[in-house]
Amino acid sequence: MVLIREVLIELIEHEKSVRFLVGSEGSFDKMVTKVLKELMSVYRNIECDIVVAYLDGKNRELLFENTVFPEGLECVPKKFAIEYRNRWMLKQSDYIVAYVNRPFGGAAKFVELAEKQNITVINLAKQKT
């Protein structure tokens, strides 16, 4: 989590204001959410939104008041909800912070799509020492 904190602080201090969009599904999302919650008490120039893929009552308790359910997602089959949500997030993003250490899976696909759209990707797996 130290590396996550360092990268997020660098982004926060580099930009005048930052809006973070965080997924709600995986362990990386949980770690980022925890770090951002701590950083929000120090940095006043940041906003954090949790972007959910499902409204099925099974969402875990979210740590931020700002929860986003992308428009149009209600019409997407559940099987494709995360992919739709991720594409929506990319449209809103200048940077992507991810931890991808294998060339397959949903996170790898997300990073590949971001790179194709010329979005700056910060892959923490590649920065790990």
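All of these numbers come straight from a predicted model, not from anything done at the bench.
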### Query
Quick one: do Ile119 and Phe110 end up in the same hydrophobic cluster if we chain Ile, Leu, Val, Met, Phe, Trp and Tyr together by side-chain heavy atoms under 4.5 Å apart?
yes

### Gap between atom CG of Leu73 and atom OH of Tyr84 - 0.5 Å precision
6.5 Å

### Message
Within the 4.5 Å heavy-atom criterion, are Tyr54 and Glu25 side-chain neighbours or not?
### Response
yes

### Message
Could you tell me if the side chain of Leu55 sits less than 4.5 Å from the side chain of Glu74, heavy atoms only?
### Response
no

### Message
Just checking Glu71: does its CD atom have more than 12 heavy atoms from other residues, nucleotides or ligands closer to it than 6.0 angstrom?
### Response
no

### Task
Answer yes if Val42 and Leu36 sit in the same cluster of Ile, Leu, Val, Met, Phe, Trp and Tyr residues linked by side chain heavy atoms under 4.5 Å apart, and no otherwise.
yes

### Task
Using salt bridge (Lys or Arg N to Asp or Glu O under 4.0 Å) as the criterion, list what pairs up with Lys16, not counting sequence neighbours.
none

### Task
Quick one: pull up CZ in Arg44 and CG in Leu39 and give me the separation to the nearest 0.5 Å.
11.5 Å

### Over 12 foreign heavy atoms within 6.0 Å of CD, Glu10
no

### Task
Kindly indicate whether the side chain of Ile4, heavy atoms from C-beta on, has any atom under 4.5 Å from the side chain of Val97.
no

### Query
Do Met40 and Val7 share a hydrophobic cluster (ILVMFWY, side-chain heavy atoms under 4.5 Å, transitive)?
yes

### Query
Is any side-chain heavy atom of Leu124 less than 4.5 Å from a side-chain heavy atom of Phe28?
yes

### Query
Among all residues two or more places apart in sequence or in another chain, which pass the side chain to side chain donor-acceptor pair (under 3.5 Å) test with Lys79?
none

### Query
Can you name the one residue among Asp94, Asp49, Asn66 that meets side-chain hydrogen bond (donor to acceptor under 3.5 Å, both in side chains) with Arg19?
Asp49

### Task
Measure the CD-CG distance between Glu13 and Leu8 for me, rounded to the nearest 0.5 Å.
11.5 Å

## Note on the structure
Scanning both residues in full, the closest heavy-atom pair of Ala53 with Ala81 reads O-CB, 3.4 Å

### Message
Can you confirm whether Glu83 sits close enough to Lys109 that some side-chain heavy atom of one is under 4.5 Å from a side-chain heavy atom of the other?
### Response
yes

### Task
Give the cluster check for Met89 versus Phe20: same hydrophobic cluster or not, with ILVMFWY residues linked at side-chain heavy-atom distances below 4.5 Å.
no

### Task
For residues Pro103 and Ala108, report the shortest heavy-atom separation together with the two atoms involved.
C-CB, 3.8 Å

## Note on the structure
d(Gln117 CD, Ser93 OG) to nearest 0.5 Å is 9.5 Å

### Query
Looking only at heavy atoms, which two atoms of Gly23 and Ile50 are closest? And how far apart?
O-CG2, 4.3 Å

### Criterion side chain to side chain contact (heavy atoms under 4.5 Å, CB included) on Val18 and Tyr95, from CA distance to verdict
CA-CA 10 Å; Val18 180; Tyr95 300 93; over 6 Å; no

### Query
Roughly how far, to the nearest 0.5 Å, is the OG1 atom of Thr120 from the CD atom of Glu115?
10.0 Å

### Message
Side chains of Tyr99 and Gln127 only: does a donor on one sit below 3.5 Å from an acceptor on the other?
### Response
no

### Query
How would you list, by chain and number, every residue that makes a salt bridge (Lys or Arg N to Asp or Glu O under 4.0 Å) with Glu6, sequence neighbours excluded?
none

### Query
How long is the span from the CG atom in Leu90 to the CD1 atom in Ile96, to the nearest 0.5 Å?
5.0 Å

### Message
Are Val32 and Leu21 connected into the same hydrophobic cluster when the rule is that any two of I, L, V, M, F, W, Y join if their side-chain heavy atoms are below 4.5 Å apart?
### Response
no

### Query
Taking side chain as C-beta onward, heavy atoms only, is Val52 less than 4.5 Å from Arg85?
no

